[in-house]
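See below for the structure under consideration.
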Amino acid sequence: MFDPNRIRNQLEATAELLSRRGFMLDVTTLGTLETERKQIQIRTQELQQERNTRSKSIGKAKAAGEDIAPLLAEVGHLGDALKNAEEQLRTCQTKLEDILLGIPNIPHASVPTGTSEEDNPEIRRWGTPPVFDFEPKDHVDLGAGLGLMDFEQATKITAARFVTMTGPMARLHRSLIQFMLDLHTREHGYTEIYVPYLVNADSLRGTGQLPKFKEDLFHIPEEDFYLIPTAEVPVTNMARNHLFEANQIPQRFVCHTPCFRSEAGSYGKDTRGMIRQHQFEKVELVQFTRPEDSYDALEALTGHAETVLQRLELPYRVVTLCTGDIGFSAAKTYDIEVWLPAQNRYREISSCSNFEDFQARRMKARWRNPETGKPQLLHTLNGSGLAVGRTLVALLENYQDAEGNIRIPDALRPYMNGLAQIP
RNA sequence: GGAGAGAUGGCUGAGUGGUCGAAAGCGGCGGUCUUGAAAACCGUUGACGGGAAACCGUCCGGGGGUUCGAAUCCCUCUCUCUCCGCCA
């Protein structure tokens, strides 16, 4: 959510900035509602003031032992008018707020203009895609070929878009999680944290998944809870309705959770394998920073995610999401894409974003600025460090040999009890 | 699941219908003292919204109600704590 002051002071300019990401701000409706709001609010406050003044004088008269009956008679008519005005004000404010909650973040000036992922500029590459003297298999053939990955099994248990893994494959998957958590806590200064996997609607509103993206979520109606689509939701919402002292900020959290996504609207997309599942593991990086530090923090955080791939010796590239591809809540996003030999292209494995104060405003997440002594919205950031399922896919496909064996990269061997190859 | 107690400012905690936005303490900020710091002492210090400003309004867990007037009374929801039961 952007600063409501923009509606009053810079409506046209804001509409211009939002149009860059293809969002058409309804300037007329907003302008009208805002004018209406102002009128009603002023009238309401006048009535409230009158009531307060009169009530106080009644109190004084009573204390002085005077007859208050004539004073009471004077106030009689006030009640209905006030109730009416308050009701109107509430309706108007709700309307405005509903509109505001549906407006995406304003892209940062450094975000390139574009309409789709085709327009995302690549900013760097690391590593060299492996060259095979045989036709590389994809992770499904590799995993199933080893008998360690089973999609039919998962379909029987639940439905499509789930997987079961067995033995060394399950262990490799778990090793990746341990490795990532260790790296970020030991070398990058993150605090590991454990959080609920079910969240309430307020939390989802805070990070921006609600009200607009309800259909992407798994919902438990009995309790009105939602399965988290990412650890971003519970971790970022720790700051909701909280005021940090200056010395408590910045904060860096790393959190491993499963993630649940309904993938409504992506029927027929990545139906094969582990690329797009209803349930997957992710190690997430989340930061709370001072506003002036958030863009440096974004660069650092992206670097932390990249380090995972470097240690695993997996080739990747980094792209900046253009205005047409950037997410609803983000002001700027870098996607890290890992090389997948079977697809012969780079695929997203991490998304690192600065939300500036967009989420913080929805959450009322603030810090006390020592220079002003006043509470101020903080900035939130997050990024995958990394998506575990897709990292496993990348490992299988990049480290396969002609016989379908998988080499374990050095960084993971301690976690695999020294194992150098699967099977 | 049963019985009871509670939710107040950054934090702890008083306040049971009329200048209460709210005592006190802690913390923060400013000052005195000190070479400097600590201690002590003095002063100051809620958030949000409207307004150019003066100033005004809202807020004592959320929502609703009673009243001229609600932190205070009523209803309801959520959460926390204690005891009992059950349980990984």
Side-chain angles (χ1 to χ4, degrees), chain A residues 1-11 30-31 33-101 194-206 210 220-226 234 237-249 251 288 290 357 360-378:
Chain A
M1 198 160 106
F2 59 69
D3 188 345
N5 265 312
R6 284 179 166 275
I7 299 177
R8 301 191 263 275
N9 306 328
Q10 358 173 3
L11 188 53
L30 270 177
L33 266 174
E34 171 54 23
T35 312
E36 199 181 309
R37 189 227 95 228
K38 194 164 174 174
Q39 266 175 6
I40 299 172
Q41 180 159 352
I42 287 172
R43 173 164 164 70
T44 305
Q45 294 190 353
E46 279 170 358
L47 287 167
Q48 286 171 332
Q49 187 185 356
E50 190 178 344
R51 178 205 57 196
N52 291 345
T53 315
R54 289 181 183 262
S55 291
K56 260 177 197 169
S57 57
I58 291 175
K60 276 183 193 164
K62 204 178 172 189
E66 294 166 19
D67 179 17
I68 58 169
L71 289 172
L72 286 180
E74 281 176 39
V75 207
H77 69 284
L78 252 175
D80 285 344
L82 181 57
K83 210 165 264 181
N84 197 281
E86 280 174 343
E87 181 59 37
Q88 277 183 41
L89 181 60
R90 204 170 330 162
T91 309
C92 186
Q93 279 172 334
T94 306
K95 267 192 218 164
L96 267 170
E97 176 135 339
D98 285 350
I99 295 175
L100 283 175
L101 282 174
Y194 174 84
V195 294
Y197 303 156
L198 290 170
V199 295
N200 59 37
D202 283 340
S203 290
L204 287 156
R205 215 168 288 121
L210 288 180
I220 294 163
E222 287 82 3
E223 310 283 354
D224 200 21
F225 291 156
Y226 296 81
N237 273 282
M238 290 195 305
R240 179 151 53 86
N241 290 326
H242 190 75
L243 177 57
F244 292 92
E245 294 304 329
N247 61 6
Q248 299 176 305
I249 224 166
Q251 295 212 10
F288 306 134
R290 299 185 179 202
D357 63 14
R361 183 169 288 103
R362 290 170 162 243
M363 293 191 299
K364 293 189 177 62
R366 299 166 303 165
W367 68 294
R368 192 177 293 282
N369 186 338
E371 283 171 29
T372 59
K374 293 290 171 194
Q376 188 182 333
L377 294 171
L378 48 76

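Because the structure is a prediction, the values reported are computed rather than measured. Chain naming here is simple, since letters A, B, ... match the order of the sequence lines and numbering starts at 1 in each.
- If you check every strand for non-hydrogen atoms under 4.0 Å, A:Pro370 touches nothing.
- The separation of B:rU12 from B:rU8, taken at their C1' atoms, amounts to 11 Å, rounded to a whole angstrom.
- Relative to the side chain of A:Gln45, the nucleotides B:rU19, B:rG49, B:rA47 differ in distance, and B:rG49 lies closest.
- B:rA7 sits 13 Å from B:rC60 when the P atoms are compared, rounded to a whole Å.
- Between B:rG49 and A:Asn5, no contact under 4.0 Å exists linking OP1 or OP2 to a side-chain N or O.
- OP1 or OP2 of B:rU66 sits under 4.0 Å from a side-chain N or O of A:Lys83.
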Worksheet item: Quick one: what's the B/S/- string for nucleotides 72-78 of chain B, heavy-atom cutoff under 4.0 Å, read 5' to 3'?
Response: -------
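- Nearer to the 5' terminus of RNA chain B, by closest-nucleotide assignment, is the contact made by A:Gly59 (compared with the other of A:Arg37 and A:Gly59).
- Nucleotides B:rC59 and B:rC41 have their P atoms positioned 38 Å apart, rounded to a whole Å.
- At B:rG18, none of the side-chain N or O atoms of A:Arg54 fall inside 4.0 Å of OP1 or OP2 (strictly under the cut-off).
- Look at A:Arg51 and you'll find a side-chain N or O under 4.0 angstrom from OP1 or OP2 of B:rU58.
- Toward the 5′ end of RNA chain B lies the nearest nucleotide of A:Gln41, the other residue of the pair A:Glu50 and A:Gln41 mapping further downstream.
- Candidate nucleotides B:rC68, B:rC56, B:rG10 were compared by shortest atom distance to the side chain of A:Ile58, and B:rC68 ranks first.
- At least one side-chain nitrogen or oxygen of A:Lys38 sits closer than 4.0 Å to the OP1 or OP2 atom of B:rG51.
- Phosphate proximity of B:rG57 to A:Asn52: present, with a side-chain N or O under 4.0 Å from OP1 or OP2.
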Worksheet entry | A:Asp80 and A:Lys83: CA distance, side-chain angles, deciding distance, salt bridge (Lys or Arg N to Asp or Glu O under 4.0 Å) verdict | CA-CA 5 Å; A:Asp80 285 344; A:Lys83 210 165 264 181; 5.7 Å; no
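- Side-chain contact between A:Leu100 and A:Ile7: present, with at least one pair of heavy atoms (C-beta onward) separated by less than 4.5 Å.
- Using a 4.0 Å heavy-atom cutoff across all strands shown, A:Arg43 reaches no nucleic acid atom at all.
- One N or O donor and one acceptor, one from the side chain of A:Lys62 and one from the base of B:rG18, sit under 3.5 Å apart.
- At the phosphate of B:rA47, neither OP1 nor OP2 sits under 4.0 Å from any side-chain N or O atom of A:Lys364.
- Rounded to whole Å, the separation between the P atoms of B:rU80 and B:rG28 comes to 31 Å.
- For the pair A:Arg366 and B:rC48, the criterion of a side-chain N or O lying under 4.0 Å from OP1 or OP2 is met.
- Legend: salt bridge (Lys or Arg N to Asp or Glu O under 4.0 Å) pairs involving residues 35-47 of chain A, not counting sequence neighbours, sorted by first then second residue: A:Glu34-A:Arg37.
- With both ends at atom C1', the span from B:rG15 to B:rG6 equals 16 Å, rounded to whole Å.
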